[in-house]
Amino acid sequence: MLASGSSRLYFSLPYKTMGEEKTTPVRAPAKDGPFPLSTLRHSVSHLMASAIGRLFPGVRFGFGPAIEHGFYYDFDLPRPLEEADLEKIEREMRKIAKASPQLTCVEVTRGEAKARLLRKGQSYKVEAIDLIPEGEKITFWGHSDWEDLCEGPHVDRLDREFHFKLLSIAGAYWRGDEKRPMLQRIYGTAFWTKAELDAHLVWLEEIKARDHRKLGTELDLFSYHQEAGAGFVFWHPNLATVRREIERFWWDEHERRGYQPVYTPHVSRETLFEVSGHLANYADMMYAPMEIDSMPYRVKPMNCPGHILIYKNRGRSYRELPLRMAELGTVYRYERSGVLHGMLRVRGFTQDDSHIFCTSEQLADEIAGVLDLVLLVVKTFGFEYTAYLATRPKDKSIGSDEIWTRAIASLRQGAAKVGMPLELDEGGGAFYGPKIDFKMKDALGREWQLSTVQCDFNLPERFDLHFTDSDGQAKRPIMLHRAVLGAFERFIGVLIEHFGGRFPLWCAPKQVALVPIREEHAPYLRTLAERLNAQNFRVEAMLDAGHMNKKIKDAQHAQIPFMLVAGEREAADGTVAVRRRGTREQIVMPFDAFLSGISKLRSTRALGLELE
RNA sequence: GCCAGCGUGGCUCAAUGGCAGAGCACCUGAUUUGUAAUCAGGCGGUUGUGGGUUCGAUUCCCACCGCUGGCUCCA
């Protein structure tokens, strides 16, 4: 119903660092034509609705807005749609656009609008009228014999040049409410030019090709199993290697920044989660209790209670603050079956969790420290990001206005210290405190929520935490929850798609492939493999009988960053023919030069593969 | 959880109410190759699980498990 005013910047490409590895088509943002792109898309959604009206008499219409990459429209139809229907609908749309291109708009009174819709049996639309604020204009937009309660704006004529495609069918609750009827939704997209539509379709293909579930199979990264249950990920050696490298990076950075490692049990007595409030507020997400010695125990859905027990284990001095505890803590949460999605939405996952206990004076510095770490991660993996400051929710929340104001100020100060711009998410905070959430934008321009920093005034109260201040008084610390990667499952799932399976050298499952030209050159390469192994490089030595070309193909498919090919000439002068992933180049260089080159790429965690 | 679709060797996909097939992978043998697939042979499936209809079900029906696209909810 609502067309937003102007088209948004629709797609950007932060792919500078990837050098020759770049495979994503470079696209300029889709342009507005005679009308804004979103207006076109909204009009095309109307065109689709009118075609549905002709093909499915008795259809009742829901909403049909323009969205980020296209549009949708919801319908209550007499029968389920099939893929094959989309083409039929498209054909009907073209017919209608050609036959009756003129759009019309009439303003009516509220009563008249209702009568008009009742007459047509459009019960959802009748309901929609009540959503329009009193005093606002009520208009119908239409073309041919079809019209729709709609605020507009729309394009003037449907015989202008534009290009569209219907993409998929899905179910959607009326007004997004799961207690209401399920409608059928058709998604589509539209552009002013064919080139832009084609580019968009190529982009959709690229997304499909980079799907972490597809690459997970192709590159032997992970699996899930019917016999193990939905939402549980099995990490294969290749992906476990990636994870271990990232964990190593993570611990290095945390130790450098004064975090202390802790480990806490996966299962605790239920009373712990009563005290923490999880049982009262989070029970839906928790698994049923298990009985141990006739007492109920629970699998942990979060790590904070465990960390708090460690804090509380003895008296704490102000000298210990800020106290930063870090754990790669595996938690289990019940997610409804329909929301599970590869590694990105699972039921058991490992958070890179930390809790910082500090005074309110220390808060801004601690936040700055966390944000600095987020920036390091963003840079290391080549993401772009947007940071959102989420403030006090309107309905229920705890803590005084003063403490909220101070915490929000601290979040702002922390961001200012590291020069981080903040978008505002008004009222988006947790009930227990404000936070900064990050959306990371991947190489395909899609956004993912990963990092988060949250102030918590609640748990220190509930667990009655304190420390002894310099004046001898017992005082209450503030707690900061933070995750930088978020969860390994989601982070690495995103990373697979971000890199398209082409991991940077430092965390690639295999880093160097060795290919002899003939089997008799294998001994030379074996000595190189030993030297690489001695430097802790992960080597795929393809030294068995077999043909060179096949090995080259296999190494390329496995996305191994470097391939060293050697025959008589190389063996004679201690050189290697280096072939970089994604290229056909053959650069002959001394092995020592190669070794120092990749050592540098590894130690700098370079994103690209340019050897100096 | 809800709506819709799907489930055939490790992977990608055929086929039919009447003996389940191909390519890749894997194994064996031959081939010794200068930058993306050498040739030949072989192994491998109770067609997701359970029930029903039928002379006969992988195919039709039901339930469950799992997956996919969305909705709703989230790291």
Side-chain angles (χ1 to χ4, degrees), chain A residues 62 72 74 76-77 79-83 85 167-187 208 211 213-214 217-220 223-232 282 284-285 301-303 329-331 333-353 437-438 448-452 481-494 515-522 545-557 563-570 577-579 582-588:
Chain A
Y72 67 78
D74 290 342
D76 192 335
L77 291 167
R79 70 159 171 89
L81 290 167
E82 304 161 21
E83 287 290 323
D85 290 320
L167 298 169
S168 61
I169 303 161
Y173 297 110
W174 166 236
R175 295 182 59 195
D177 183 343
E178 63 185 348
K179 292 187 190 69
R180 303 231 189 187
M182 177 69 73
L183 308 179
Q184 298 191 67
R185 174 172 295 179
I186 300 178
Y187 283 96
K208 241 189 254 169
D211 189 307
R213 294 163 300 182
K214 182 171 171 335
T217 303
E218 284 173 11
L219 300 174
D220 194 10
S223 55
Y224 24 82
H225 301 271
Q226 219 170 300
E227 48 274 62
F232 300 111
Y282 207 72
D284 289 353
M285 301 290 285
M302 292 191 191
N303 301 304
T330 304
V331 297
R333 299 182 187 171
Y334 174 71
E335 296 281 359
R336 303 207 281 179
S337 60
V339 306
L340 300 173
H341 182 89
M343 302 186 79
L344 301 183
R345 192 78 183 271
V346 294
R347 285 177 172 163
F349 55 97
T350 303
Q351 294 183 304
D352 71 312
D353 211 356
D437 282 333
F438 293 83
W448 307 90
Q449 215 235 285
L450 300 168
S451 317
T452 180
H481 307 250
R482 44 114 287 184
V484 177
L485 309 178
F488 273 92
E489 285 72 9
R490 179 172 289 180
F491 184 78
I492 291 182
V494 169
V515 178
I517 284 170
R518 281 198 308 280
E519 209 173 347
E520 68 195 69
H521 307 125
H547 289 217
M548 173 183 68
N549 283 333
K550 174 104 180 333
K551 292 174 182 174
I552 289 169
K553 186 211 64 167
D554 289 343
Q556 289 283 14
H557 278 204
M563 208 184 304
L564 303 184
V565 182
E568 260 145 53
R569 296 200 293 271
E570 289 78 9
V578 178
R579 198 173 151 144
T583 72
R584 293 166 158 263
E585 68 192 18
Q586 301 159 43
I587 297 172
V588 178

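Hydrogens, waters and symmetry mates play no part in the numbers below; they use all other heavy atoms, side chains included. Every value quoted in this text rests on a predicted model; they were computed, and no experiment measured them. Here is how names work: the chains are called A, B, and so on, in the same order as the sequence lines, proteins then strands, and each is numbered from 1.
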Practice problem: For the pair A:Val578 and A:Leu564, evaluate side chain to side chain contact (heavy atoms under 4.5 Å, CB included) and give the outcome as yes or no after the intermediate values. | Solution: CA-CA 5 Å; A:Val578 178; A:Leu564 303 184; 3.7 Å; yes

Practice problem: Kindly determine whether A:Met563 and A:Lys551 satisfy side chain to side chain contact (heavy atoms under 4.5 Å, CB included), including the steps that lead there. | Solution: CA-CA 10 Å; A:Met563 208 184 304; A:Lys551 292 174 182 174; over 6 Å; no

Exercise. Show the numbers, then the answer: is there a side chain to side chain contact (heavy atoms under 4.5 Å, CB included) between A:Val331 and A:Phe349?
Key: CA-CA 6 Å; A:Val331 297; A:Phe349 55 97; 3.7 Å; yes

Exercise. Mark up nucleotides 34-42 of chain B, 5' to 3', with B wherever a protein heavy atom is under 4.0 angstrom from a base atom, S wherever such an atom reaches only the sugar-phosphate, and - elsewhere.
Key: BBBBB----

Quiz prompt | Base-contact (B) and sugar-phosphate-only (S) positions in nucleotides 66-75 of chain B, heavy-atom cut-off under 4.0 Å, - elsewhere | solution = SSSBBBBBBB

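In a base pair of the Watson-Crick type (N1 to N3 plus N6-O4 or O6-N4) or a G-U wobble (N1-O2 and O6-N3), with each distance short of 3.5 Å, B:G5 is matched with B:C67.
A:Met343 places none of its side-chain heavy atoms less than 4.5 Å from the side chain of A:Val494. The shortest distance between side-chain heavy atoms of A:Val346 and A:Phe232 does not fall below 4.5 Å. At least one side-chain heavy atom of A:Arg79 sits less than 4.5 Å from a side-chain heavy atom of A:Asp85. Residues A:Met548 and A:Arg518 form no side-chain contact, since every pair of their non-hydrogen atoms from C-beta on lies 4.5 Å or further apart. Counting only heavy atoms from C-beta outward, the side chains of A:Glu570 and A:Pro516 never approach each other to under 4.5 Å.
Rounded to whole Å, the distance from CZ on A:Arg79 to C1' on B:C3 is 15 Å. At whole-Å resolution of the value, CD in A:Glu83 and C1' in B:C6 are 12 Å apart. The CZ atom of A:Arg180 sits 17 Å away from the C1' atom of B:C3 (whole-angstrom rounding). What separates CG of A:Leu183 from P of B:C3 is a distance of 13 Å, to the nearest Å.
With C1' as the reference atom, B:G9 and B:G5 are 24 Å apart, rounded to whole Å. For B:C13 and B:C3, the C1' atoms lie 28 Å apart once the distance is rounded to whole Å. Here the separation of B:U46 from B:G21, taken at their P atoms, is 14 Å to the nearest Å. Comparing the same atom, P, in B:A22 and in B:C62 gives a spacing of 33 Å after rounding to whole Å. Atom name P, nucleotides B:U31 and B:U47: the rounded distance is 42 Å, in whole Å. Taking atom P in both B:C60 and B:A15, the straight-line distance is 13 Å, to the nearest Å. For the P atom pair drawn from B:U54 and B:U12, the interatomic distance equals 37 Å after rounding to whole Å. On the P atoms, B:C2 is 36 Å away from B:C55, given to the nearest whole Å.
Mapping A:Tyr334 and A:Asp554 onto RNA chain B via the closest heavy atom, the residue that lands nearer the 5' end is A:Tyr334.
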Nucleotide N/O to protein N/O under 3.5 Å, stretch nucleotides 8-12 of chain B:
none

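With values rounded to the nearest 0.5 angstrom, A:Glu489 atom CD is found 9.5 Å from A:Gln351 atom CD.
Of the possible polar contacts, none joining the A:Arg333 side chain to the A:Asp284 backbone as a donor-acceptor pair under 3.5 Å is found.
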